[in-house]
K.L.:
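Could you have a look at this structure, given as structure tokens, before my questions?
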Amino acid sequence: MFKNSMFKNSNENVAAPVSEGKTYDVKIEDVAQKGDGIARVEGYVIFVPDTVAGEEVTVKITRVLPKYAFATVVE
């Protein structure tokens, strides 16, 4: 009935700007409710455990999902 609905998410087919296994230099901008740091690459959210707001770190992407990713700090 609504195959071409105007309510369809326009970002549905947009690829994530990060790739699993790659490293990125990021700044932790905020902390999520569960305590993970939140960084962004081109507006795309990356959750990074064991970080604090304001910290600048190099992260390795461990999992990429359509709207966000998870990463760990590279030491």
K.L.:
Please report the shortest heavy-atom distance between A71 and P49, naming the atom on each side.
P.N.:
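Looks like O-CD, 3.1 Å.
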K.L.:
When rounded to the nearest 0.5 angstrom, what is the spacing between CG in D30 and OG1 in T51?
P.N.:
10.5 Å
K.L.:
If you group Ile, Leu, Val, Met, Phe, Trp and Tyr whenever their side-chain heavy atoms sit less than 4.5 Å apart, what else falls in with V73?
P.N.:
V18, Y24, V26, I28, V41, Y44, I46, V48, V57, V59, I61, V64
K.L.:
Could you grab the distance from atom OH of Y68 to atom CD1 of I38, nearest 0.5 Å is fine?
P.N.:
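Y68 OH to I38 CD1: 12.0 Å, rounded to 0.5 Å.
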K.L.:
Using the test salt bridge (Lys or Arg N to Asp or Glu O under 4.0 Å), find all partners of E29 that sit at least two apart in sequence or belong to another chain.
P.N.:
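For E29 the salt bridge (Lys or Arg N to Asp or Glu O under 4.0 Å) partners, ignoring immediate neighbours, are R40.
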